[in-house]
Protein chains: 2
Amino acid sequence: MTARPTLADVAARAGVSASTASLAFSGSGPVSDATKERVLAAAAELGYAGPDPRARSLRRGRSGIVGVVLEERVRSAFLDPVKIRTLDGIADGIAPLGAALLLLPFIGGESEGATIEDAPVDAVVLIGCSPRVEHSLEILRRRGIPTVAIEGGPTGDDVPDISIDNRDATRRGAEHLRSLGHRDVGVVTLPFDAERTSGPVDAALEARASTQVTIERLQGARDVFPTAPAVAAATSSIEDGRLAALLLLADGSGRALPAEARPTAIIAQSDLLAAGVIHAAEELGLAVPGELSVVGFDGIRVDGLRHDLTTLDQPSTDKGRAAGEAVVRLLAGEPATSLAFTSTLHLGDTTAPPAR
Amino acid sequence: MTARPTLADVAARAGVSASTASLAFSGSGPVSDATKERVLAAAAELGYAGPDPRARSLRRGRSGIVGVVLEERVRSAFLDPVKIRTLDGIADGIAPLGAALLLLPFIGGESEGATIEDAPVDAVVLIGCSPRVEHSLEILRRRGIPTVAIEGGPTGDDVPDISIDNRDATRRGAEHLRSLGHRDVGVVTLPFDAERTSGPVDAALEARASTQVTIERLQGARDVFPTAPAVAAATSSIEDGRLAALLLLADGSGRALPAEARPTAIIAQSDLLAAGVIHAAEELGLAVPGELSVVGFDGIRVDGLRHDLTTLDQPSTDKGRAAGEAVVRLLAGEPATSLAFTSTLHLGDTTAPPAR
DNA sequence: CGAGCCGCCCGAATCGATTCGAGCGCCCGC
DNA sequence: GCGGGCGCTCGAATCGATTCGGGCGGCTCG
């Protein structure tokens, strides 16, 4: 017999009915020890590998899988330590469910296979703040799948959003710089739109911005330094942070601008970007924090960075865990509410009073 | 009506049978345009969100999901750029299937939910070379799930293994060092076992090693430098590479050993480790490559590293893609064979003749 | 000694979609 | 005018497990 044995085969061999065999496996029903043992023995003889998860999930109505929608390709999503921490938190939060995580590409791709339109998931977590959140929400709502967003911007009452105080936190970082005496401050921002336009931020770019987090953090900086020049990075990476910083600190030929023509401090919207800013400063021969103060955002430990970065420590893992817990509550039929975490300013060794 | 509508509801509303409605959705059968349109209209009115993936997968026998077993927790797995590239390659390779990736924790955990014992997957890719591969293979074999391993060590005829020439490649790197004149060479290795024991490598540790890749690469180094001292890192990370290198280069008080007491070159088993080695050298005031040559492995671009690392460029993405394509073949009923890729020595600026 | 209760097992319905073979008009050609 | 062929639709079986209500013994208590 080449076909895999089914529960019915096992039951027949054990001389019991399929229903009894099922009970014996799930262990929930009233089955005598003798019978259970006989069923398990029969299963072992036939090489039965347990109930087919597909059939079980059809009958039970649950698949034991939670989908995670990444706003980007797998490749880039996992280069971001914040996302990884968040994922880890989610895995932690849904642990009581014993569910696995299904990576779902953002929709709009041409893939004919599993997307949020058509994936056997019990619930979905949307990570990130892509412009597609609206579209995704609509599909999930129609499918009736419980959904939780992380930094999803305005969702609906039915979709809890887990976020942090992006604007307020950045403002506190900016105020720290102002209290040190800084007046000329530059900003290196996360991408503004799905096209990841990089370079100096102007009104046009701000107008078509679709990334909530970028805007909120920029507003926080502008609350304190209304005229701060900003440069957008293409991705949240060290290299793109370095490139963006060079636009603020160097002239076209790659030499440092004179002191009076460059900012004395840079607010980076992520720690990876901040690490790139520091690299750029070192490359230009500018001491950190002596000639340039740097503030980051995230509170990750950048592998290989030898500074104790002054940054806004956000609870990424907690955010993920909260999202996971919200999923658990939704699946239990309980209401789950949106939640905003607070970031704390960590004072490292990358900020100091300006030289001049 | 609060319950989600089913295909039968749609069919009833459209005045056709369920079978016809099904054909109208899948688009494969001979259905008149008028009927199809009527069905789709009825679906729209009822807010039908497409066929239930659970039921479909039960009937079709396929779920459209490919499992990926990570040897570690999600957290650590995704900190490794090689794994990320591999994952990306897998996603690429299985694209024709249009399948999503299900992250499966390694087994042995107490999680009651989805594991490889019980997950609705059509196929599985085992990444990494954990000692649990054997156990995983047994379960998957019993379940009759097509499986592909990546660096899985000895599998069976039924499980293709995608690997690279770890030993031979490392040997070529070592020969490059020897041809430059190096005689005293140290090795910084990947972890040896599941406990991630770190520190100097001795016979006892080698004896209980369970990680195939580590051993093969160490053998390659020993082929050229039989007595090379080796230090194991706890993880493949910059920081652990730095710590391991310090054991080879510095004394207990954190000062560089005299030139005659330390190696003139270090072979690191990954690029992240190599980056850490370079950091350690700079910290000790040793010039790279002047006073210390460094060879890495992987060929990734380490974010933030300002050297052009001499390394063994392995086709990580290709490996993943090959695994994905093997999955596609297995699912098509075709045989898939093991495959070994070749790494190429990339000559960067981190190797030079020894100073003495 | 009999009635009731309890523990254990079975039968049958159900989850929702897919698929195969059969049936039914209708048109065309002979 | 009639039979064959073709295009579309329907019924019913099927995928494999779960679950609920019922029934059948055996034991206990009055």
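Letters go in sequence order (proteins before strands), and every chain restarts at 1.
- A distance-only check finds no donor-acceptor pair linking the side chain of A:Arg54 to the backbone of B:Arg54 [under 3.5 Å].
- Taken residue by residue, residues 47-55 of chain A places no heavy atom nearer than 4.0 Å to DNA chain C.
- In this structure, OG in A:Ser26 is found 8.0 Å from CZ in A:Arg56, a value given to the nearest 0.5 Å.
- With rounding to the nearest 0.5 Å, the separation of CD1 in A:Ile164 from CD1 in A:Ile150 is 11.0 Å.
- One finds the CG atom of A:Leu97 at 11.5 Å from the CD atom of A:Glu325 (value rounded to the nearest 0.5 Å).
- For B:Ser22 and C:dT19, the shortest distance from a side-chain N or O to OP1 or OP2 is not below 4.0 Å.
- Here chain A contacts DNA chain D (any atom closer than 4.0 Å to a heavy atom, that is under 4.0 Å), and the contacts span D:dG16 to D:dT19 from 5' to 3'.
- For the pair A:Lys36 NZ and C:dC8 P, the computed distance is 11 Å after rounding to whole Å.
- Annotation: the span from B:Glu117 atom CD to B:His135 atom NE2 amounts to 6.0 Å, rounded to 0.5 Å.
- Nucleotides of DNA chain C nearest to A:Ser19 and A:Asp33 differ in position, and the one nearer the 5' end is that of A:Asp33.
- B:Asp122 and B:Ser63 are linked by a side-chain donor-acceptor pair at a separation below 3.5 angstrom, with hydrogens and angles left out of the test.
- A:Asp318 has a carboxylate O that lies under 4.0 Å from a charged side-chain N of A:Arg321, or vice versa, which qualifies the two as a salt bridge.
- Residue A:Thr20 places at least one side-chain N or O closer than 4.0 Å to OP1 or OP2 of C:dC10.
- Note that the OG atom of A:Ser136 and the CD1 atom of A:Ile116 stand 4.0 Å from one another [nearest 0.5 Å].
- At a threshold of 4.0 angstrom between heavy atoms, the contacts of B:Thr6 are confined to the sugar-phosphate backbone, with no base atom among them.
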